[in-house]
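Data first, discussion second: the structure below is written as structure tokens.
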Amino acid sequence: MNDISIIYYQPQYQPDFKRLNIAWISESFTVEEHDLEQLDHPETYILPNGGQILLAKQGDEIVGTAAMVPTGEGTYELAKMSVASALRGQGVGKLLALGAIAYAREVGATLIWLESNRKAVAAIELYKRVGFVEVPLRPSPYTRADICMEMRL
């Protein structure tokens, strides 16, 4: 993974952000309205109030994404994590997750949480490996969400 760098979002990367997430979600689930809000308008639904999108870049290509969405005082949701199918299982997701955790620490967050689906076994295992633990499910805008995890910083 020496040739992968983690960079912060710039508006020219919005099509890549959307493309990678639509591909990932569509493999097993239905793309929902809240997905499209965030993917089409990250400047409105993710970036305000200290939000950030991390992108995995290989050469000139964006090959992975992870969003940190502020959800309250010192609290961020790790969302929209996706990796190009050809690079899954090669550590790109771990780089993104660790980058997201580092970002949260930089901005003084005390809690990161995420929602997922138990069908995403590899993703859930990754989250556990980097320190997330399962907690009770909270109300969600996503019908696919059937597991909630968090990490206290």
Side-chain angles (χ1 to χ4, degrees), residues 1 4-72 75-101 103-104 109 111-130 132-151:
M1 293 287 72
I4 301 284
S5 57
I6 303 299
I7 62 170
Y8 287 156
Y9 180 84
Q10 294 294 318
Q12 70 263 27
Y13 297 124
Q14 184 274 332
D16 296 304
F17 178 59
K18 183 175 182 177
R19 170 184 55 82
L20 287 163
N21 276 283
I22 294 288
W24 159 244
I25 295 165
S26 298
E27 285 178 19
S28 300
F29 309 105
T30 299
V31 176
E32 300 181 44
E33 182 179 338
H34 190 55
D35 292 313
L36 293 174
E37 288 174 343
Q38 290 184 318
L39 297 172
D40 286 333
H41 307 287
E43 291 86 356
T44 302
Y45 292 96
I46 295 173
L47 299 174
N49 305 310
Q52 187 56 266
I53 297 171
L54 294 87
L55 303 163
K57 189 173 186 183
Q58 183 178 50
D60 292 331
E61 185 179 0
I62 301 299
V63 296
T65 73
M68 293 299 289
V69 184
T71 58
T75 303
Y76 282 78
E77 178 188 10
L78 174 58
K80 299 299 176 262
M81 194 153 146
S82 63
V83 173
S85 59
L87 293 176
R88 290 188 197 144
Q90 297 182 32
V92 178
K94 184 176 182 182
L95 287 175
L96 286 162
L98 294 175
I101 294 164
Y103 175 79
L111 177 74
I112 306 170
W113 64 278
L114 62 87
E115 296 173 316
S116 190
N117 185 285
R118 293 177 193 282
K119 283 192 224 176
V121 174
I124 291 169
E125 287 305 311
L126 168 63
Y127 300 140
K128 288 179 183 175
R129 283 195 310 274
V130 299
F132 283 88
V133 296
E134 185 173 351
V135 295
L137 196 60
R138 55 185 77 189
S140 173
Y142 300 106
T143 57
R144 67 180 175 267
D146 70 358
I147 185 171
C148 186
M149 302 178 85
E150 68 180 30
M151 173 190 292

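Only a predicted model underlies this, so the values are computations on that prediction, with no experimental measurement involved. Because only heavy atoms are used, hydrogens play no part in the values below, and waters and symmetry mates are left out as well, while side chains stay in.
Heavy-atom contacts from other residues, nucleotides or ligands closer than 6.0 Å to CD of E33 number 12 or fewer.
Contacts classified as side-chain hydrogen bond (donor to acceptor under 3.5 Å, both in side chains) and involving residues 62-71 (residues at least two apart or in different chains) are given here: N21-T65, T65-S82, T71-W113.
With sequence neighbours excluded, the residues forming a side-chain contact (heavy atoms from CB on, under 4.5 Å) with Y45 are E37, Q38, H41, listed by chain and number. By the ring pair (Phe, Tyr, Trp, His ring centres under 6.0 Å) test, F17 pairs with no residue at all, sequence neighbours left out.
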message: Test side-chain contact (heavy atoms from CB on, under 4.5 Å) on R138 and E115; report intermediate values, then the result.
response: CA-CA 9 Å; R138 55 185 77 189; E115 296 173 316; 4.2 Å; yes
- prompt: Where do D16 and L55 land on the side-chain contact (heavy atoms from CB on, under 4.5 Å) test, with the steps shown first?
  reply: CA-CA 9 Å; D16 296 304; L55 303 163; 5.9 Å; no
- request: Evaluate side-chain contact (heavy atoms from CB on, under 4.5 Å) for T30 paired with T143, printing each intermediate quantity in order.
  value: CA-CA 9 Å; T30 299; T143 57; over 6 Å; no
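Partner of I112 under the side-chain contact (heavy atoms from CB on, under 4.5 Å) criterion, chosen from E150, E77, M68: M68.
Between the side chain of Y76 and the backbone N or O of A100 there is no donor-acceptor pair closer than 3.5 Å. For the pair Q14 (side chain) and P42 (backbone), a donor-acceptor distance under 3.5 Å is absent.
Scanning all heavy atoms of the two residues, the minimum distance from S26 to V31 falls at OG-CG2, 3.6 Å. Residues Q90 and A86 approach most closely at NE2-O, 3.2 Å, considering heavy atoms.
Taking CD1 of I25 as the start and OH of Y142 as the end, the distance is 7.0 Å to the nearest 0.5 Å. Separation of atoms OG (S140) and CG (D146) is listed at 10.0 Å; rounding is to 0.5 Å. Taking CD1 of I46 as the start and CD1 of I53 as the end, the distance is 4.0 Å to the nearest 0.5 Å. Atom-to-atom distance recorded for L54:CG and S5:OG is 11.5 Å, nearest 0.5 angstrom. To the nearest 0.5 Å, atoms CD (Q58) and CG (L87) are separated by 5.0 Å. Rounded to the nearest 0.5 Å, atoms CG (L126) and NZ (K94) are 8.0 Å apart.
In this structure, a donor-acceptor pair under 3.5 Å is absent between the side chains of E134 and Y127.
Side-chain contact between L98 and I6: absent, with no pair of heavy atoms (C-beta onward) separated by less than 4.5 Å. The shortest side-chain heavy-atom distance between R144 and D35 falls under the 4.5 Å cut-off. Side-chain contact check for P11 versus E43: some heavy-atom pair is nearer than 4.5 Å. Under the 4.5 Å side-chain criterion, counting only non-hydrogen atoms from C-beta, M149 is in contact with I124. Using a 4.5 Å cut-off on side-chain heavy atoms (C-beta onward), I101 and V130 make contact.
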